[in-house]
Amino acid sequence: MNTKNRLSIVIGSGGVLCAASLGLNKALHREGLTPGMAVGCSGGSIYAASIALGIDPAQIEDQTLTLFTSDVFEGYTSNLKSALTGETRFTELSSLIDDKIMYERLKAVFGDKTFDDTIFPLHIVATDLYTGERVVISSGKILDAVRASVAIPMIFSPWKIGDQLLVDGAVCDPLPIDVAIQQGSDVIAAVGFEMPTRKRMNSYTAVTTHFNGIYMNNILKSTFAFYNIAHHAEIIPILPEFEKPIGTFDTAQIPFIIAQGEKAAEAQIPYIKKLMSNGGLK
Amino acid sequence: MPNKKKKIALVIGAGSVKCAAALGLWKVLQEAGIPFDMLVGCSGGSLYATGMAMGFSLEESVEKTKALWNQSVTEKRNWRGLASAILPGIFKFDDNFSMISDAPMLKRLRMVYDDKTFADTKTPLYLIATDLYTGEAIALHEGSLVDAIRASIAIPMIWPAWTVNGRRLVDGGAANPLPVDVAIREGADIILAMGFQSPFPSKIRSVSRYALHINSLITNNLYQANFAFHTAAHHAEIISILPDFDRPIKLFDTDQIPYVIEQGEKAMRAQLDYLKRLLEL
């Protein structure tokens, strides 16, 4: 058995909340627990990739602060209007936001790095736009994989890799524990988030994001329930607590989010250590 | 050991017109003399579950669905809703938003079920809707049938949410497209689970088609994740009845109903021996 793969970190979708995984990473490092694999989905793919590339945690934190600022979402309202009135044609290749700024920022972080440049195996999850099936990306340019994985339907255009048109991994598998299991991990630290839902629905966007949130939260619960009962691996949920609601792109909260992630991880460290010294489940 | 009578439930999942396949399943069980102890319906499945629970005959059920569920229920666009999406400041945008007006559908539902309640059903009936705000699955088991069906089939964005007992409810498919858990909770020993994958629009030519496409993808993934859990947990014997369709059946392809019923019948026949064995018949 390849013991290097045993401990993995899985970072689910959750926009800016995914930064909590940096707290987990900190806590693991302090204890000398090196993960053997990282799996990321949607916003989580940015952190999984950064951690797997061995980028300094402080630098990842800085990058995130500048990654999703409000100018990334420019043009949304007017594009939505013209799409709803039929003024502009909307196809599966369309989007309500031009991805230029986001793409440039991701490029500044990941450049031409490929999956071969990581210090341990990295897997990024996206969704096939036509079939809805899960697509696991484990080779090629990291920039392409992350761009595909964060392609929130309708908001950002899908991303083509090979012959496949890909969108947000959260559409099929918001917390891809299954990928870590398939890749041979038997101790999985899973950082998952429920999407924020709305209390008031005062715009078309509020309604669409609210519904997507409801669906994805229900998929998250079902998948998590399934892997707990099937028990192919020991799954340790790292569920940071946030006393206040945090918007998907509320970057000002990042230091707080990381601290909460670290706290949640610390509570699980003794158990992870015990599992790792026991020789695991197998 | 005395053979305690096993409770049989039929669960009809979300699937619009495809849910008519439940009638084919029902036909096979009627011939075999096996009655249901409980019916559970979600979204389109709630139309058929209710008809069966009311004791409608097979022919009546077909007639009533054709009257209830056809293109005409979508003929009235909700212009106000559309305007509110474009100019939320002028036309008040709230959680009543929809693309299509629900008036024609409500009128038809009332024609069939009038003021009937769950107390009028011959077989215990549970209809599943989703809490609009929390996303929880809600099993409706009392009160007006029209209200419960209307809530259960409120496809997000297409039709507005519906209020039942002060709760805003939408399509049960948003929480649980094949709600076998309700049958388990209500004490079923054997569950006939008829579930469907949602179809995709053939071409994405507008924002609303795109929304519908993504909605189908997510619903299918939710359906698979949920079903995997209940099969692994195995709190009850779950027999999947999965009709096989050789053609795409869309939201309002009611002319395909006879074919759909036939496929449901075939799928049930394939599982009949197994069901009889479980029942020790």
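Everything numeric here is computed off the predicted structure, so don't read it as measured data. In what follows, chains are A, B, ... by sequence order, proteins preceding strands, each numbered from 1.
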Heavy-atom side-chain proximity of [X] to [Y] below 4.5 angstrom:
X	Y	answer
A:Phe211	B:Pro156	yes
B:Asn215	A:Tyr215	yes
A:Asn212	B:Ile218	yes
A:Cys172	B:Leu217	no

For [X], which atoms come within 4.5 Å of any heavy atom of chain B: side chain, backbone, both, or neither?
X	result
A:Thr208	both
A:Leu129	both
A:Ala230	neither
A:Asp128	backbone
A:Thr131	backbone

Answer with side chain, backbone, both or neither: which region of [X] has an atom nearer than 4.5 Å to a non-hydrogen atom of chain A?
X	result
B:Asn176	neither
B:Thr219	both
B:His230	neither
B:Asn220	neither

Which pair of non-hydrogen atoms, one from [X] and one from [Y], has the smallest distance, and what is that distance?
X	Y	value
B:Ala232	A:Phe226	CB-CE1, 3.8 Å
B:Leu222	A:Ile219	CD1-N, 3.5 Å
B:Tyr210	A:Ser94	CE1-O, 4.3 Å
A:Gly132	B:Asn221	O-ND2, 3.1 Å

Near [X] [atom1], under 6.0 Å, is it more than 12 heavy atoms from other residues, nucleotides or ligands?
X	atom1	answer
A:Arg89	CZ	no
A:Glu243	CD	yes
B:Asp246	CG	yes

- Who wins among B:Ala174, B:Gly135, B:Ser206 for the most heavy-atom pairs under 4.5 Å with chain A? B:Ala174

Just verifying a value: how many Å separate [X] [atom1] and [Y] [atom2], rounded to the nearest 0.5 Å?
X	Y	atom1	atom2	result
A:Ile214	B:Glu136	CD1	CD	10.0 Å
B:Tyr133	A:Thr197	OH	OG1	10.5 Å
A:Thr91	B:Arg209	OG1	CZ	12.5 Å

